[in-house]
Amino acid sequence: MTFGRGHAQAGKPQRVNCNSIDEIFQGVSQDSLESTTLRRNLEKSVGKFKRSVGVSSSATMLQAVASFSGKMKEASVDFHFIKQADELILKRDGETPESVLKIIQALEEVLNAIEKLAKKAEGIVKKLMGAYSAGEKKYPTLDEELSKADLKGRKLEKARESFAWNMQMIKGQADQLSSAKDSALYEMHQIVDAASSAGINVKFEF
């Protein structure tokens with residue numbers, strides 16, 4: 001049986017009430033929650049940054065950073081970026097006027113969210129897919145294991161539903177986090193490109 005991607009919903013996996021199966025899903029419960037948190041934190045920080053520089057939510061990061069650069073020049077704020085692998089750091093040169101402090105902090109939140117997601121995504125996806133593979137191996141003998149757990153009638157039906165839901169949720173979380181990492185790194189490259197186009201210094205350190 002192939003389990004679809006389903007919906008990467010927030011929350012812990014549902015209990016199947018069969019220890020040998022529940023231990024698979026409960027083992028990645030925190031990873032599932034962290035996957036959702038990492039994605040939402042990045043989405044929220046990007047939205048906050050775009051609002052702070054006065055562009056629409058549909059604007060690209062190139063447009064948002066271009067607006068950011070213009071506001072920094074108007075306020076005579078000097079800054080530069082340092083690019084290290086999957087990390088981009090904003091460095092302020094000199095004092096920062098209060099009028100643009102929140103805008104700078106909003107961009108720093110985006111950069112921090114990108115860094116956290118990029119660093120943690122691979123490990124979380126590996127754990128989620130490990131649980132998914134273990135669940136696939138359990139599927140051929142699922143009814144047998146559920147029967148051994150003394151699940152019958154409606155309880156047996158509910159256990160099957162919970163198993164299928166968990167499998168879809170885990171696969172969905174892994175797929176969406178992988179996609180979110182790709183999007184996050186793309187956003188970071190857009191920030192670098194926009195900064196370079198605006199004449200802002202970007203130092204690459206390897």
Side-chain angles (χ1 to χ4, degrees), residues 5-13 28-72 74-75 77 79-92 96-129 165-166 168-198 200 202:
R5 294 187 178 186
H7 300 285
Q9 300 183 43
K12 296 182 179 181
V28 292
S29 177
Q30 285 302 119
D31 299 291
S32 174
L33 290 172
E34 188 169 12
S35 172
T36 299
T37 298
L38 288 169
R39 290 185 290 105
R40 286 182 176 173
N41 285 348
L42 179 56
E43 290 172 3
K44 288 179 181 179
S45 64
V46 168
K48 178 180 178 181
F49 173 61
K50 288 180 179 180
R51 290 192 298 273
S52 74
V53 296
V55 300
S56 70
S57 59
S58 60
T60 65
M61 189 58 74
L62 282 169
Q63 294 169 321
V65 175
S67 178
F68 171 84
S69 300
K71 292 181 183 298
M72 294 304 104
E74 290 174 6
V77 176
F79 65 98
H80 66 277
F81 290 101
I82 297 177
K83 176 74 169 62
Q84 301 174 330
D86 292 340
E87 181 179 4
L88 186 62
I89 304 167
L90 187 156
K91 290 289 186 179
R92 309 177 203 177
T96 304
E98 189 69 28
S99 60
V100 294
L101 183 59
K102 288 185 177 180
I103 298 176
I104 292 176
Q105 290 174 336
L107 179 54
E108 288 175 333
E109 286 181 24
V110 172
L111 298 180
N112 288 335
I114 289 175
E115 179 191 355
K116 287 182 179 179
L117 194 154
K119 286 184 175 180
K120 293 186 175 184
E122 184 176 352
I124 293 175
V125 169
K126 185 177 181 179
K127 289 180 181 179
L128 291 171
M129 290 309 298
W165 188 92
N166 289 343
Q168 290 178 347
M169 185 271 291
I170 288 173
K171 186 65 163 63
Q173 287 281 23
D175 288 346
Q176 288 200 23
L177 186 57
S178 293
S179 178
K181 179 182 178 181
D182 291 340
S183 296
L185 295 179
Y186 177 70
E187 295 276 33
M188 184 174 66
H189 289 311
Q190 282 202 321
I191 294 172
V192 171
D193 289 345
S196 298
S197 297
I200 299 167
V202 181

Contacts of type ring pair (Phe, Tyr, Trp, His ring centres under 6.0 Å), residue Phe81, not counting sequence neighbours:
Phe79

Should we count CD of Glu122 as having more than 12 external heavy atoms under 6.0 Å?
no

Drop me the distance from Leu177's CG to Leu117's CG, to the nearest 0.5 angstrom.
5.5 Å

For residues Arg39 and Ser35, determine if any side-chain heavy atom of one lies less than 4.5 Å from a side-chain heavy atom of the other.
yes

So which atom in Ser196 and which in Val202 form the shortest heavy-atom distance, rounded to 0.1 Å?
OG-CG2, 3.9 Å

Begin with the C-alpha distance, continue with both residues' side-chain angles, and end with the deciding distance and a verdict on side-chain contact (heavy atoms from CB on, under 4.5 Å) for Lys44 and Glu109.
CA-CA 9 Å; Lys44 288 179 181 179; Glu109 286 181 24; over 6 Å; no

Working to the nearest 0.5 angstrom, can you tell me the gap between Leu42 CG and Lys116 NZ?
11.5 Å

How long is the gap from CG on Leu88 to CD on Glu187, to the nearest 0.5 Å?
12.0 Å

Greater than 12 external heavy atoms within 6.0 Å of Lys127's NZ:
no

On a heavy-atom basis, which atom in Ala59 and which in Lys50 lie closest, and how many Å separate them?
O-NZ, 2.5 Å

Nearest heavy-atom neighbours spanning Ala64 and Val53
O-CG2, 3.7 Å

Any idea which heavy atoms bring Val100 and Ala75 closest together, and the distance?
CG1-CB, 3.7 Å

Given the options Lys48, Met188, Met61, Val110 meets side-chain contact (heavy atoms from CB on, under 4.5 Å) only with Met61

What distance separates Ile124 CD1 from Lys181 NZ, expressed to the nearest 0.5 Å?
11.0 Å

Measuring from Ile104:CD1 to Leu101:CG, what's the distance to the nearest 0.5 Å?
6.5 Å

Any heavy-atom pair between the side chains of Gln173 and Asp31 that's under 4.5 Å?
no

Matching residue for Leu90 among Leu111, Ile191, Asn112, Ile200 - test: side-chain contact (heavy atoms from CB on, under 4.5 Å)
Leu111

Considering all heavy atoms, the nearest Met129-Ala174 contact:
SD-CB, 3.6 Å

Minimum heavy-atom separation for Lys71 to Ser52, with atom names?
CE-O, 4.4 Å

Atom CE in Met72, atom OG in Ser67: separation rounded to 0.5 Å?
9.0 Å

Any Ser32 side-chain heavy atom under 4.5 Å of Ile170 side chain:
no

Any side-chain to backbone donor/acceptor pair from Ser45 onto Asn41? Under 3.5 Å, distance only.
yes

Where the side chain of Gln63 meets the backbone of Thr60, is there a donor-acceptor pair that is under 3.5 Å apart?
yes

I'd like to check the salt bridge (charged side-chain N to carboxylate O under 4.0 Å, His left out) partners of Arg92; sequence neighbours left out, ordered by chain and number.
Glu108

